[in-house]
Amino acid sequence: MEKAQSGAAGFRFQPKDSRLILAHMAVAFTAIFLGAIAGLLQGLVRGGVIDLGPVNYYQLLTAHGVLMALVFTTFFIVGYLYSGLVRTCGGTLTEFSRRLGWIGFWLMTVGTAIAAFLIIANKATVLYTFYAPMKASPFFYIGLALVVVGSWIGAWAVFAQYRWWKKEHKGKLSPLFAFMAVATMGLWLIATLGVALEVLLQLIPWSFGWVDTINVVLSRTLFWYFGHPLVYFWLMPAYIVWYVNIPKIIGGKIFSDALARLAFIMFLLLSTPVGFHHQLTEPGIASGWKFLQVALTFSVAIPSLMTAFAVLATFESAGRARGAKGLFGWIRMLPWKDVRFVAPLVGMLSFIPGGAGGLVNTSYQLNQVVHNTLWVVGHFHLTVGTVVILTFFGVSYWLIPALTGRKLTAGLNKLGLVQTGLWALGMLIMSGAMHAAGLLGTPRRTAFTTYGDDPIALGWLTYQQVMAIGGVFLFISAMLMVWIVIRLAFFAPRTEEGVDYPIGEVAEEAASTPAILERWPLWVTVAICLILVAYTIPIAHLIQYAPPGSPPFQPY
Ligand code: HAS
Ligand code: CU
């Protein structure tokens, strides 16, 4: 590891940029800290290990889901994208982008604070998917709306920086990082349209009592129009790390710039028109439309398979360039003691079962076996909870010191390896037990219960206890991570020579990138056409043949 760092380019962040990025990181890691506490407690309650009496299981579950899946990811991603734009597009944000960045940050932070307050007050115990007809306080939805609007402004900050760079470098291909950041934020704008409509037109008027009932299936459809691309909004920045940062960390080259851009264009096109794979058991949507979206879901696995190929190719050629022999000799050449590589690598490895599980989920008939069971919870703890989060942890090990002008010491690197190992172990146990319990029929979104000592339900208990054990390892790992982040931000030794912000170079033998990949208007138009094909008629039907609306319920 020492060697990789001494070859550093010596990049320096300007304080006005690092302040903005660190602000995002501070909220992100506060969310991890609180979310992990909620996660531990909820896991122990669910396993029947402890009984918290009056503390509401569903309230803890909501806090855990919102903090980890929505708050941590969004703040981390926006901060990370700014950092890479600074590094690859001009060395500093333009005044305009930075101002937008701060406006977006404060809107998101105020919105988060409002939502968090209402969860603590037990006025928003609706889980992170906030499904109607469960009703939260209208101010919870307003808080979420502020987060979304803030993130839109963040997206414009990204676009503005990119456009500034393009103007300064007429006719040139944009840096790969910037291209990917634009694709990610473009997808985010398209995706959040669905949830914005749901919140503004349905949830807010209904929760204020301005209308008596809500069209439940329409609200869920609008939610999943957003909810699936949401998971790619988490995944694409992790892929940026794999495509752009990791090659440099392992001393290799980016396998193919064109392939990387093509994969991101495919995500832009195919991530949205697939939301029905979360609604395969939902009545009111004709099976033909479900089938179409299932087919599109299988297509959106292709850019992930391309990524697996490209990342492996980068690994192999990096090893061979260093003289690796035999079929697998290159594996030993990888920097196995560098946490900046190992944490994301564990993420990649967990996407092999995680992605396979996703393909099971979306296989129309198989979905009936797993839907609404703990299997699905196991799936998303492997994907967002390991692939994405371990990649982001891997980034934190070099990004936080890069922002504060400090060094990742050998000691903190070692502790990072322990943290990564604990996470991997905890997740193997917890997610493994969740998958198994799900296949036995254990429902998700339920507090501890033996269903009146029903023998089938009693058979699930061991799995739930095993899940709790995995949860304890994960909790320890999360606390260790927060501690390391604090060390890196405030206490690690300072360095004067500038720091290593790893950006890979494209391999010499890679083919050149076709300019058409950067024609955004074309790709956005195709994306919108696909969405119109997949959603117009089914949504029109949901409105035209609307089921009787539902009044609000507040069960907890
Ligand atoms: Fe999913 C439910 C289908 C990917 C997250 N998913 C969820 C939920 C979440 C989530 C949060 O079709 C629950 C929502 C809720 O609360 O109800 N998912 C898929 C499919 C994929 C997929 C087809 N999901 C993700 C990702 C997520 C995520 C990514 C977060 C980041 N998912 C579903 C379906 C449901 C679902 C149904 C609904 C289930 C239900 O009934 O409720 C695909 O995108 C997966 C494609 C991926 C691959 C794997 C490629 C492998 C790679 C790693 C290579 C490794 C290397 C390392 C290179 C085909 C890229 C090698 C190194 C060496 C040294 C050897
Ligand atoms: Cu999905």
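Both ligands and their constituent atoms are indexed starting at 1 by order of listing. Reckoned from all heavy atoms, side chains included, excluding hydrogens, waters and symmetry mates. Sequence positions, counted from 1, serve as the residue numbers for this chain.
- Counting heavy atoms under 4.0 Å from ligand 1, residue L235 touches it through the side chain alone.
- The shortest contact between atom 2 (C) of ligand 1 and any protein heavy atom is with H278 CE1, 3.4 Å.
- The nearest N, O or S atom of H228 is not closer to atom 1 (Fe) of ligand 1 than 2.8 Å.
- Shown here is F309, whose CZ atom has no more than 12 heavy atoms of other residues, nucleotides or ligands within 6.0 Å.
- Considering only non-hydrogen protein atoms, atom 3 (C) of ligand 1 sits nearest to G358 O, 3.3 Å.
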For this session: May I have the step-by-step check of side-chain hydrogen bond (donor to acceptor under 3.5 Å, both in side chains) for S287 and Y364, ending in yes or no?
Result: CA-CA 10 Å; S287 53; Y364 216 148; 4.6 Å; no

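- Nearest N, O or S atom of H278 to the Cu ion (ligand 2): atom NE2.
- Counting heavy atoms from C-beta on, the side chains of L269 and S299 never come closer than 4.5 Å.
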Problem set entry | Stepwise side chain to side chain contact (heavy atoms under 4.5 Å, CB included) check, Y397 with N413 | CA-CA 8 Å; Y397 287 110; N413 181 69; over 6 Å; no

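- Counting only heavy atoms of the protein, atom 10 (C) of ligand 1 lies nearest to F380 CB, 3.7 Å.
- In terms of protein heavy-atom proximity, atom 34 (C) of ligand 1 is closest to N361 CB, 3.3 Å.
- The nearest N/O/S atom of H228 to the Cu ion (ligand 2) is ND1.
- Between atom 32 (N) of ligand 1 and the options M306, R445, H379, H381, the minimum heavy-atom separation is to H379.
- Remark: ligand 1 atoms within the under-4.0 Å shell around heavy atoms of T297 are 23 (C).
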Problem set entry | Check against side chain to side chain contact (heavy atoms under 4.5 Å, CB included), V369 and V360 | CA-CA 10 Å; V369 179; V360 168; over 6 Å; no

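- Of the listed residues (W234, F233, F392), just one forms a ring-ring contact (aromatic ring centres under 6.0 Å, His included) with F76, and that residue is F392.
- Set against the non-hydrogen atoms of Y232, the atoms of ligand 1 under 4.0 Å away are 21 (C), 43 (C), 44 (O).
- Using 4.0 Å as the threshold, W224 has a heavy atom nearer than that to some atom of ligand 1.
- Looking from atom 17 (O) of ligand 1 to the surrounding protein, the closest heavy atom is R444 NH1, 2.8 Å.
- For the ring-ring contact (aromatic ring centres under 6.0 Å, His included) criterion with F315, the lone passing option out of W242, F341, F255, F328 is F341.
- Counting the atoms of ligand 1 from 1 in the order shown, those under 4.0 Å from a heavy atom of Y128 are 11 (C), 13 (C), 14 (C), 15 (C), 16 (O).
- At a heavy-atom distance under 4.0 Å, no atom of Q368 approaches ligand 1.
- Here is the list of ligand 1 atoms found below 4.0 Å of a heavy atom in L305: 59 (C).
- Aromatic pair F276/Y535: ring centres closer than 6.0 Å.
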For this session: Step by step, work out the ring-ring contact (aromatic ring centres under 6.0 Å, His included) result for F29 and F75.
Result: CA-CA 9 Å; F29 281 95; F75 278 84; over 10 Å; no

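- In terms of polar-atom proximity, defined here as any N/O pair under 3.5 Å, W336 makes no such contact with ligand 1.
- Protein heavy atom in closest approach to atom 42 (O) of ligand 1: H371 ND1, 3.1 Å.
- Judged by a 6.0 Å distance limit and a 45° cone about the ring axis, R261 is positioned over the six-membered ring of F179.
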For this session: Output, in order, the C-alpha distance, side-chain angles, deciding distance and verdict of side chain to side chain contact (heavy atoms under 4.5 Å, CB included) for V300 and Y232.
Result: CA-CA 10 Å; V300 79; Y232 289 113; 3.4 Å; yes

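- In summary, the atoms of ligand 1 found under 4.0 Å from a heavy atom of Y239, numbered by their order in the structure, are 60 (C).
- Annotation: Y58, atom OH; neighbour count of heavy atoms from other residues, nucleotides and ligands within 6.0 Å is above 12.
- Using a 4.0 angstrom heavy-atom cutoff, I331 does not count as in contact with ligand 1.
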For this session: Start with the C-alpha distance between T442 and Y463, add both sets of side-chain angles, then the distance that settles side-chain hydrogen bond (donor to acceptor under 3.5 Å, both in side chains), and finish with yes or no.
Result: CA-CA 10 Å; T442 324; Y463 293 94; over 6 Å; no

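- Taking only non-hydrogen atoms, the option from L312, T314, N367, V311 nearest to atom 61 (C) of ligand 1 is L312.
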For this session: Go through the steps for Y80 and N245 under the test side-chain hydrogen bond (donor to acceptor under 3.5 Å, both in side chains), then give the verdict.
Result: CA-CA 12 Å; Y80 167 66; N245 305 127; 2.6 Å; yes

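- Some N or O of T362 is nearer than 3.5 Å to an N or O of ligand 1, by distance alone.
- For ligand 1 and V388, the ligand atoms under 4.0 Å from any heavy atom of the residue are 31 (C).
- The shortest separation from a heavy atom of F309 to ligand 1 is not under 4.0 Å, leaving the residue out of contact.
- Summary of contacts: the protein heavy atom closest to atom 54 (C) of ligand 1 is A308 CB, 3.6 Å.
- Heavy-atom proximity to V376, at under 4.0 Å, picks out these atoms of ligand 1: 13 (C), 39 (C), 40 (C), 42 (O).
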For this session: Walk me through it: do N361 and W375 pass the test side-chain hydrogen bond (donor to acceptor under 3.5 Å, both in side chains)?
Result: CA-CA 9 Å; N361 295 346; W375 165 285; 2.7 Å; yes

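- Distance from atom 55 (C) of ligand 1 to its nearest protein heavy atom, with residue and atom name: M348 O, 3.5 Å.
- Ligand-side atoms of ligand 1 in range of G355: 45 (C), 47 (C), 48 (C), 49 (C), range being under 4.0 angstrom from any heavy atom.
- Using a 4.0 Å cutoff on heavy atoms, F298 does not count as a contact of ligand 1.
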Problem set entry | Chi angles and distances behind the ring-ring contact (aromatic ring centres under 6.0 Å, His included) call for Y82, H24 | CA-CA 10 Å; Y82 290 159; H24 286 81; 5.5 Å; yes

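- Side-chain contact between Q279 and R220 is present, with heavy atoms from C-beta onward closer than 4.5 Å.
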